[in-house]
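To find a chain, count down the sequence lines: A is the first, B the second, and so on, and within it residues start at 1. The model shown is predicted, which means the values in this text are computed figures rather than measured ones.
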There are 2 protein chains.
Amino acid sequence: MEEREDLGAMVFRLGRLLLAMEQPILDRHGVSMWAYAVLTALRESPMRTQAALAAGIGADKTRLIPVLDELQKRGLIEREPDPSDRRVRLLDLTDAGRQVHQAIQSEVRAGEADLLAAFPPADRDGFLRALIALTKR
Amino acid sequence: MEEREDLGAMVFRLGRLLLAMEQPILDRHGVSMWAYAVLTALRESPMRTQAALAAGIGADKTRLIPVLDELQKRGLIEREPDPSDRRVRLLDLTDAGRQVHQAIQSEVRAGEADLLAAFPPADRDGFLRALIALTKR
DNA sequence: TATTGTTATACTCTATAACTATA
DNA sequence: TATAGTTATAGAGTATAACAATA
């Protein structure tokens, strides 16, 4: 345990590994990683502004716009001006969007399960508990 | 445990957290993240080619060159043509390089310890064991 | 001809600043 | 004047391709 790499180096490599696992799934569904992040955030709950959505997923609001354009064009999200303040855009998933998110996520979870399958349950649980706690907003 | 985020999302956020923790340390020593990765790799063992070093740390060989230029200029690495094959550059740390790496790493490890301090030892060990296993090359 | 390192170039991603429309 | 969203622009980071030196 004392000869381990820095946490940062390991987390960075694990990120790349996970991305390589997820990319083919996303490609199959024609959805970028940011688009998937948007679908995931909106599945939790609708959003009242694009800025809040951007902040929630750690993206710049300007780079979300082409993503939202595409998702809207494909009918995966609703995005309409709030009648009570027409500057803001109310965002929500459509049924089709919910369906696409569900399809992607179940494949992603299966891939994750494969990666974690080899570990003793205690290590796996500790890993997930620590990861969840470290990334609590 | 069932309502958790995707692994990728959590690992991505943890990566940003760790980067934010490390950046001030690196800045204080005037070393970029890639430069620190180079120092770390060379501390394990000297390298016979720049291409091997690049592959080892998951970087493109072309983007390593300015990093190596800078490290050499600062006297932190040795980089000389192999007399037996003058195409290749033999790479190694200088004493000064070893010293800088050691200083940075000890600060980074202290920061990591802070982040992990709150967890029960069992979770912390499981976390590290799983992380090490997942990133074994 | 193949390989190592280097340089030049182009491409992607991201952030900054300027603009519009509403309030 | 202030805010949400959009567009235009520039900057950083990265990869691709061409080049020089050596084998």
Side-chain angles (χ1 to χ4, degrees), chain A residues 8-9 11-13 15-20 22-23 26-27 30-38 41-42 45-73 77-92, chain B residues 8-9 12-13 15-20 22-23 26-27 30-38 41-42 46-73 77-92:
Chain A
V11 168
F12 195 74
R13 277 230 300 284
R16 282 213 261 219
L17 182 75
L18 288 168
L19 185 63
E22 294 186 13
Q23 197 63 64
L26 293 170
D27 289 349
V31 167
S32 72
M33 189 176 43
W34 282 116
Y36 178 57
V38 167
L42 291 181
S45 77
M47 292 263 174
R48 217 187 75 84
T49 72
Q50 296 182 185
L53 174 61
I57 64 179
D60 192 278
K61 64 173 180 168
T62 62
R63 91 175 174 239
L64 226 52
I65 288 172
V67 175
L68 296 174
D69 290 346
E70 166 81 8
L71 288 173
Q72 184 179 23
K73 205 178 65 181
I77 63 169
E78 280 171 21
R79 183 201 203 183
E80 20 182 296
D82 182 345
S84 76
D85 180 346
R86 307 215 353 256
R87 290 174 304 182
V88 317
R89 305 273 175 276
L90 301 174
L91 302 167
D92 199 358
Chain B
F12 196 73
R13 277 229 300 284
R16 283 212 259 220
L17 182 77
L18 288 167
L19 185 64
E22 295 186 14
Q23 197 62 64
L26 294 169
D27 289 349
V31 167
S32 71
M33 188 176 45
W34 283 115
Y36 177 58
V38 166
L42 291 180
M47 292 261 175
R48 218 186 74 84
T49 72
Q50 296 180 183
L53 173 61
I57 64 179
D60 192 278
K61 65 173 180 169
T62 63
R63 91 174 174 239
L64 226 51
I65 288 171
V67 175
L68 296 174
D69 289 346
E70 165 81 6
L71 288 172
Q72 184 179 23
K73 205 178 65 182
I77 63 169
E78 280 171 20
R79 183 201 202 184
E80 20 180 297
D82 182 344
S84 76
D85 179 346
R86 306 209 0 253
R87 291 173 303 179
V88 317
R89 305 275 175 274
L90 300 174
L91 302 168
D92 200 357

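At least one side-chain nitrogen or oxygen of B/W34 sits closer than 4.0 Å to the OP1 or OP2 atom of D/dT14.
The base of D/dT22 does not come close enough to the side chain of B/R86 for any donor and acceptor atom to sit less than 3.5 Å apart.
No side-chain heavy atom of B/L90 sits less than 4.5 Å from a side-chain heavy atom of B/M47.
Between A/D69 atom CG and D/dG5 atom C1' the separation is 11 Å, expressed in whole Å. In this structure, the CG atom of B/D82 is 15 Å from the C1' atom of D/dA21, given to the nearest Å. B/K61 has its NZ atom 17 Å from the P atom of D/dT14, to the nearest Å. A/R16 has its CZ atom 15 Å from the P atom of D/dG13, to the nearest Å. Atom pair B/I65:CD1 and D/dA18:C1' shows a separation of 14 Å (rounding to whole Å applied). The CG atom of B/D60 sits 12 Å away from the P atom of D/dA17 (whole-angstrom rounding).
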Test salt bridge (Lys or Arg N to Asp or Glu O under 4.0 Å) on B/D69 and B/R79 and set out the steps.
CA-CA 9 Å; B/D69 289 346; B/R79 183 201 202 184; 2.8 Å; yes
For the pair B/W34 and B/I57, evaluate side-chain contact (heavy atoms from CB on, under 4.5 Å) and give the outcome as yes or no after the intermediate values.
CA-CA 9 Å; B/W34 283 115; B/I57 64 179; 4.0 Å; yes
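Checking A/R89 against A/Q50 by side-chain atom types alone, no donor-acceptor pair falls below 3.5 Å.
Each of B/L42, B/L64, B/I77 was scored for a side chain to side chain contact (heavy atoms under 4.5 Å, CB included) with B/L71, with one residue passing: B/I77.
With a heavy-atom cut-off of 4.0 Å to chain A, the contacted part of DNA chain C has its first and last nucleotide at C/dT14 to C/dA23.
For A/R79, taking side-chain heavy atoms from C-beta onward, the closest of the listed nucleotides D/dA21, D/dT6, D/dA4 is D/dT6. When distances are taken from the side chain of B/R63 to each of D/dT14, D/dA4, D/dT16, the shortest belongs to D/dT14.
Nearest-nucleotide mapping onto DNA chain C: of A/P83 and B/A51, the residue sitting toward the 5' end is B/A51. Between A/V88 and A/T62, the residue anchored nearer the 5' end of DNA chain D, judged by the nucleotide with its closest heavy atom, is A/V88.
Within 4.0 Å (heavy atoms only), A/D85 reaches sugar-phosphate atoms of the nucleic acid but no base atom.
Rounded to the nearest 0.5 angstrom, A/K61 NZ and A/L68 CG are separated by 13.0 Å.
Using a 4.0 Å cut-off between a side-chain N of Lys or Arg and a carboxylate O of Asp or Glu, B/R48 and B/D82 qualify as a salt bridge.
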